[in-house]
Amino acid sequence: MSSLSRDEVARVAGLARIDLTTEELDRLAGELDVIVESVARVSEVATPDVPATSHPLPMTNVFRPDVPEQPLTQAQALSGAPASEDGKFLVPQILGEE
């Protein structure tokens, strides 16, 4: 696989509207080249007989089942509020509007 040139990195940075210095372009060209080579190496190993995985270990659900329950009444919902008025939560005014 061909290595990424400094000019290719500069072109992509320009498309992304990222202003990079000369030193950053040189450094990123080397770093991105290592990443591209690593992906190519993994692609060589990924054969049809190797199943695709998103996690190395099997995942299990640790949450309880989602079972519908009775909702709180308005009084129950407002019972823990510091202040309420006309069946609504009362909060401090922050915009200075009347």
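On a predicted model such as this, the values are computed, not experimentally measured, just so you know. Count residues from 1 along the sequence.
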*Asks:* Sequence neighbours excluded, which residues qualify as salt bridge (Lys or Arg N to Asp or Glu O under 4.0 Å) partners of E24?
*Replies:*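 Here no residue qualifies.
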*Asks:* Inspect the contact between R27 and E23 and indicate whether a charged nitrogen and a carboxylate oxygen are less than 4.0 angstrom apart.
*Replies:*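 Salt bridge flag = no for R27 with E23.
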*Asks:* A side-chain contact here means heavy atoms from C-beta on lying under 4.5 Å apart; do E8 and V12 qualify?
*Replies:*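 E8 does not reach V12 side chain to side chain.
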*Asks:* Enter the distance from S5:OG to L32:CG here, rounded to the nearest 0.5 Å.
*Replies:*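 One gets 11.0 Å once the value is rounded to the nearest 0.5 Å.
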*Asks:* In terms of hydrophobic clustering (I, L, V, M, F, W, Y; side-chain heavy atoms under 4.5 Å; direct or indirect links), are L15 and V36 co-clustered?
*Replies:*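 As far as the 4.5 Å side-chain criterion goes, V36 and L15 are not connected within one cluster.
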*Asks:* Can V9 be reached from I18 by stepping across I, L, V, M, F, W or Y side chains whose heavy atoms are under 4.5 Å apart?
*Replies:*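 The answer is yes; both residues are in one hydrophobic cluster.
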*Asks:* Determine the minimum heavy-atom distance between A13 and L20, stating which atoms define it.
*Replies:*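 Looking at all heavy atoms of both residues, the shortest contact is CB-CD1, 3.6 Å.
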*Asks:* Quick one: side-chain contact (heavy atoms from CB on, under 4.5 Å) partners of S43, sequence neighbours excluded?
*Replies:*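 With sequence neighbours excluded, S43 shows a side-chain contact (heavy atoms from CB on, under 4.5 Å) to V39, given in chain and number order.
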*Asks:* What pairs of donor and acceptor atoms, side-chain ones from residues 65-89 against any protein atom, are under 3.5 angstrom apart with sequence neighbours left out?
*Replies:*
{"residue": "T73", "atom": "OG1", "partner": "Q76", "partner atom": "N", "Å": "3.1"}
{"residue": "T73", "atom": "OG1", "partner": "Q76", "partner atom": "OE1", "Å": "3.4"}
{"residue": "Q74", "atom": "NE2", "partner": "G87", "partner atom": "O", "Å": "2.6"}
{"residue": "Q76", "atom": "OE1", "partner": "T73", "partner atom": "N", "Å": "2.8"}
{"residue": "S79", "atom": "OG", "partner": "Q76", "partner atom": "O", "Å": "2.7"}

*Asks:* Are I35 and L28 linked, directly or through other ILVMFWY residues, by side chains that come within less than 4.5 angstrom of each other?
*Replies:*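 Yes; L28 is reachable from I35 via cluster members.
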*Asks:* Once salt bridge (Lys or Arg N to Asp or Glu O under 4.0 Å) is applied, do any residues pair with R6, and if so which ones, sequence neighbours excluded?
*Replies:*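 Scan of R6 (salt bridge (Lys or Arg N to Asp or Glu O under 4.0 Å), adjacent residues dropped) gives D26.
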*Asks:* To the nearest 0.5 Å, how far apart are CG in L4 and CD in E37?
*Replies:*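 Here the interatomic distance stands at 9.0 Å.
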